[in-house]
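Just so you know, these numbers come straight off a predicted model, no measurement behind them.
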Amino acid sequence: MFEIKENINNITTQKLTEKFGKSLISSAFSYDMMIYTVNKDSIIEILQFLRDDKELNYNFLTTLCGIHYPKEQEQIGVIYHLHSFINNVRIRIKTFTTINHPIIPTATVLWPTANWMERETFDFFGIIFEGHPNLKRILNMDEMDYFPLRKEYPLEDATREDKSDKMFGR
């Protein structure tokens, strides 16, 4: 079983490298899964290739979510988890953009189920999915002018005087 996964991972890496070259920024194996970081301008083309390739057959989008790395140059990202039922292998695709221009092409053109996942990601991270059929908040109020899962705010209220740090082991 492990040999089959390793073989498919090697084939996936080889095919992505040959077909997309510089659009494939990095690849690594972590937590029993291959992770590919790709250029956002090629994300839909890469996802479509992975879905349509008869040997790879990553035709199931299991997860789409946002991430925020505040100390990086490209702070905002999207993670896609794809599953190949035939090969019984999952992979993770990551792409990044700047916080000032958080625009990524929509994956709803490939998987209609990406609709709600992209709306949730927009709602919590402010990532705009270009071409999305109905990009609006899904869980938070429309009046919110911030995105709660971005790491832009301190975790604690610095103005509080009613608690002592020694209670928290500091």
Side-chain angles (χ1 to χ4, degrees), residues 1-69 72 74-99 101-140 147-150:
M1 179 67 166
F2 183 73
E3 288 179 20
I4 294 170
K5 281 187 176 182
E6 186 177 347
N7 188 33
I8 292 297
N9 288 336
N10 291 338
I11 292 169
T12 303
T13 303
Q14 179 184 358
K15 285 189 172 197
L16 286 174
T17 303
E18 287 173 3
K19 183 150 178 77
F20 297 101
K22 292 183 180 181
S23 290
L24 179 63
I25 298 168
S26 69
S27 64
F29 187 80
S30 181
Y31 297 105
D32 199 31
M33 188 183 304
M34 281 302 295
I35 303 167
Y36 300 99
T37 304
V38 302
N39 187 313
K40 77 172 186 170
D41 297 328
S42 303
I43 186 65
I44 298 304
E45 188 180 356
I46 291 169
L47 292 173
Q48 184 170 8
F49 171 77
L50 290 166
R51 182 193 72 177
D52 296 344
D53 185 273
K54 297 299 181 199
E55 186 176 16
L56 302 177
N57 204 20
Y58 291 102
N59 58 2
F60 185 64
L61 174 67
T62 60
T63 307
L64 184 156
C65 61
I67 49 177
H68 182 205
Y69 294 128
E72 300 295 324
E74 292 188 317
Q75 296 181 18
I76 297 289
V78 177
I79 297 175
Y80 305 83
H81 284 188
L82 305 179
H83 188 98
S84 171
F85 285 113
I86 291 173
N87 298 314
N88 193 26
V89 176
R90 291 182 67 190
I91 60 171
R92 180 180 301 139
I93 309 293
K94 297 195 289 187
T95 190
F96 292 92
T97 187
T98 62
I99 198 161
H101 193 67
I103 299 174
I104 305 267
T106 184
T108 58
V109 296
L110 302 173
W111 292 283
T113 56
N115 187 326
W116 287 67
M117 291 185 268
E118 287 181 352
R119 285 179 62 189
E120 181 183 40
T121 302
F122 164 72
D123 196 4
F124 285 104
F125 289 92
I127 299 168
I128 298 164
F129 291 94
E130 193 170 49
H132 191 280
N134 188 21
L135 192 62
K136 62 181 183 179
R137 290 195 181 263
I138 193 169
L139 295 170
N140 293 311
F147 304 101
L149 289 184
R150 286 188 182 176

Check your understanding: Under the side-chain contact (heavy atoms from CB on, under 4.5 Å) criterion, do I103 and T97 qualify, and how do the steps go?
Key -> CA-CA 7 Å; I103 299 174; T97 187; 5.8 Å; no

Review point. When you look at Y58 and I91, which way does the side-chain contact (heavy atoms from CB on, under 4.5 Å) test go after all the steps?
Key: CA-CA 8 Å; Y58 291 102; I91 60 171; 3.5 Å; yes

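In the model, E118 has a side-chain atom that pairs as donor or acceptor with a side-chain atom of T106 under 3.5 Å. Judged purely by distance below 3.5 Å, without hydrogens or angles, the side chains of Y36 and T13 pair a donor atom with an acceptor atom.
Side-chain atoms of R119 come within 3.5 Å of backbone N or O of K136 as a donor-acceptor pair. H83 places no side-chain N or O within donor-acceptor distance of the main-chain N or O of N59, the cut-off being under 3.5 Å. The backbone N or O of N87 sits less than 3.5 Å from a side-chain atom of S84, completing a donor-acceptor pair. Between the T12 side chain and the L16 main chain, no donor and acceptor come within less than 3.5 Å of each other.
In this structure, CD in Q14 is found 12.5 Å from CG in N9, a value given to the nearest 0.5 Å. Distance check, rounded to the nearest 0.5 Å: CD1 of I46 to CZ of F20 gives 5.0 Å. Between the CG atom in D123 and the CG atom in L139 there is a gap of 5.5 Å [rounded to 0.5 Å]. Here the straight-line distance linking atom CE of M34 with atom CG of L82 works out to 13.0 Å at 0.5 Å rounding. In this structure, K15 NZ and L50 CG are separated by 10.0 Å, a value rounded to the nearest 0.5 Å. From W116, atom CH2 reaches atom OG1 of T121 across 13.5 Å, with rounding to the nearest 0.5 Å.
Taking the side chain as every heavy atom from C-beta outward, F122 and I127 never approach each other to under 4.5 Å. For the pair N115 and P133, the minimum side-chain heavy-atom distance is below 4.5 Å. Residues T113 and T108 fail the side-chain proximity criterion, which asks for heavy atoms closer than 4.5 Å. When side chains are defined from C-beta on, F96 counts as touching K94, because their heavy atoms get closer than 4.5 Å. Residues V78 and F125 have side chains not in contact (no heavy-atom distance under 4.5 Å, counting atoms from C-beta outward). For the pair Y80/T95, a side-chain contact is recorded, criterion being any heavy-atom separation below 4.5 Å from C-beta on. Side-chain atoms of F124 and R137, non-hydrogen and from C-beta on, never get closer than 4.5 Å to each other. In this structure, L110 and I44 have side chains that are in contact, with non-hydrogen atoms separated by less than 4.5 Å.
Shortest non-hydrogen contact noted between I76 and P102 is CG2-CB, 4.5 Å. When all heavy atoms of F129 and L135 are compared, the closest pair comes out as N-CD2, 3.4 Å. Scanning all heavy atoms of the two residues, the minimum distance from D53 to E55 falls at OD1-N, 3.0 Å.
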Give the table of side-chain donor-acceptor pairs shorter than 3.5 Å for residues 61-69, with sequence neighbours excluded, one pair per line with atom names and distance.
from	atom 1	to	atom 2	distance (Å)
T62	OG1	H81	O	3.1
T62	OG1	R90	NH2	3.1
H68	ND1	K151	N	2.7
H68	NE2	Q75	OE1	2.9

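Under the 6.0 Å cut-off for aromatic ring centres, F60 and F85 qualify, their centroids lying closer than that.
With respect to K40 and E74, no salt bridge is recorded, no charged nitrogen being found less than 4.0 Å from a carboxylate O.
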